[in-house]
Number of protein chains: 2
Amino acid sequence: MQRIAVADRRASLLAAALRVIARDGVARASTRVIAAEAGMPTASFHYVFASHAAMLEELVAGILEAQAAAVAEAVGEAGTLHEFAGGALQGWLDRAAAEPAVEIALQDVVAFSRASPDLHHLAATVYEHYAASVAGFVAAAEERFGVRWTVPSADVARFVLVLTDGVAARWLVDRDEAAARRALALGTRALLALVQEQRP
Amino acid sequence: MQRIAVADRRASLLAAALRVIARDGVARASTRVIAAEAGMPTASFHYVFASHAAMLEELVAGILEAQAAAVAEAVGEAGTLHEFAGGALQGWLDRAAAEPAVEIALQDVVAFSRASPDLHHLAATVYEHYAASVAGFVAAAEERFGVRWTVPSADVARFVLVLTDGVAARWLVDRDEAAARRALALGTRALLALVQEQRP
DNA sequence: CATCGACTTGGACGGGTGTCCAACTCGACG
DNA sequence: CGTCGAGTTGGACACCCGTCCAAGTCGATG
């Protein structure tokens, strides 16, 4: 019955939703279950969010923002292209490994949204966000290290996402972090092999 | 009311389930909806399958079997290692592109099963199947072309799955087949770069 | 032709779902 | 200190879910 600022409720509910989705999957993350996980009555959910779908959208937006920031930091002071590319990929995995729930929830929600009329755009939005984010890194690499590629930049960016998506999917199932790191190392090698010329 | 052999009902229901899952997602693929899609009363579902979960298991098993056969055929008469590796990857995509519903359903069910107590083992089973299947191809490459790798065979196999999973995830969202083929071509190059020595 | 067991299925069971309303509570402002 | 509107929430609404039973219906077998 105590009054809580709407922003705090929102944060609590989003955190609770993340936990529930990671534990039981989106399909079981109902408004009742999420509200209970947050220690609130069910009706509070709809006082904060317009709908269940709207909440999922906010969840995903928040995750993407935090993820991009984490990777950008991991790569801040890379001195060589190899450090830059490897640092970005391994930094991404560091974050995923540190908070698996976030990665699980993201994949789950994206998969779930594909077939949902209300959330159909979410999956596409996520990839647009990713593509833009990775394209930014590729551009940064070109600028900082004077790299030229043997294939279009867009293909380089796409290949990076193939690596992260593929590694994530497998890692979420077997949780073999060492193997995931080896796969990313091979990916880094493949990426560097796409360099045509480079200036220090 | 007409009598139908149980095997036929089973096949009809599995085909209907595939359609519904591809169209509306696993979460909406209820026994009622699937039975209706197959033109049967709801109760027929449980005359054929012990449970909803058991049906999903059969669905996945059938898909994996067909998929492995298709890729094996695509690679039958490869003359060079490059043809072999590229053929396997592009052959896999050929099949996925020819029948997107199958790939969609597979990914959806695997994602859904992760959090389901009844189906928890399914995701792991799928990857075991894949890993064994790809390991077979790697071994075949070693034998047919006298290949030796710079990394353990298991890592090569894992990298192949990273490529297919990553490409599939993106392709299912944007359906850009040309881009998917370019990404697989880059993957093939990366794979061939892992070869240490080779004998004709 | 009678019988019997495999096949078929309408309908019920107990449960879960997203959403929303009407009634309540309370803190701040006039 | 009274009022008023924002905050809170129990409970209802209409719906969908997996599962299963009991009552029917048929085709083959004796």
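Just so we're on the same page: letters track the sequence lines, and every chain starts at 1.
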Are H121(A) and E57(A) close enough that a side-chain donor and a side-chain acceptor fall under 3.5 Å?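 Per modelled atom types, H121(A) and E57(A) side chains form a pair under 3.5 Å.
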For G87(A) and A74(A), which heavy atoms make the closest approach, and how far apart are they?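 Taking G87(A) first and A74(A) second, the nearest heavy atoms are O-CB, 4.2 Å.
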Of all the heavy-atom pairs spanning A141(A) and F84(A), show the shortest one and how long it is.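 Shortest heavy-atom contact: CB-CE2, 3.7 Å.
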Rounded to the Å, how far apart are [X] [atom1] and [N] [atom2]?
| X | N | atom1 | atom2 | result |
| --- | --- | --- | --- | --- |
| F49(A) | dG7(D) | CZ | P | 15 Å |
| R10(A) | dG7(D) | CZ | P | 12 Å |
| R9(A) | dA6(D) | CZ | P | 16 Å |
| Y47(A) | dA22(C) | OH | P | 17 Å |

Is the phosphate of dT9(C) approached by S44(B) (side-chain N or O, under 4.0 Å from OP1 or OP2)?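 True: S44(B) side-chain N/O within range (under 4.0 Å) of dT9(C) OP1/OP2.
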Output a table of nitrogen or oxygen pairs between the protein and nucleotides 16-20 of chain C separated by less than 3.5 Å.
| unit_1 | atom_1 | unit_2 | atom_2 | d |
| --- | --- | --- | --- | --- |
| dT17(C) | OP1 | S30(A) | OG | 2.9 |
| dG18(C) | OP1 | T31(A) | N | 3.3 |
| dG18(C) | OP2 | T31(A) | N | 2.9 |
| dG18(C) | OP2 | T31(A) | OG1 | 2.8 |
| dG18(C) | N7 | R32(A) | NH1 | 2.6 |
| dG18(C) | O6 | R32(A) | NH2 | 2.8 |
| dT19(C) | OP2 | H46(A) | NE2 | 2.9 |
| dT19(C) | OP2 | H52(A) | N | 2.8 |
| dT19(C) | O5' | H46(A) | NE2 | 3.4 |

Every protein N/O lying under 3.5 Å from an N/O of nucleotides 27-29 of chain C:
none

Out of curiosity, Y127(B) OH to S133(B) OG, how far, rounded to the nearest 0.5 Å?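 That separation rounds to 13.5 Å.
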Any link between L191(A) and L186(A) through a network of hydrophobic side chains (Ile, Leu, Val, Met, Phe, Trp, Tyr) touching at under 4.5 Å?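 L191(A) clusters together with L186(A).
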Should we count CD of E143(B) as having more than 12 external heavy atoms under 6.0 Å?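 For E143(B), atom CD is not crowded (no more than 12 foreign heavy atoms under 6.0 Å).
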Whether R10(A) engages the ring of Y47(A) as a cation-pi pair (distance to the six-membered ring centre under 6.0 angstrom, angle to the ring normal within 45°) should be assessed.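 Verdict for Y47(A): no cation-pi partner in R10(A).
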Salt bridge flag under 4.0 Å for residues D94(B) and R181(B):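 Yes.
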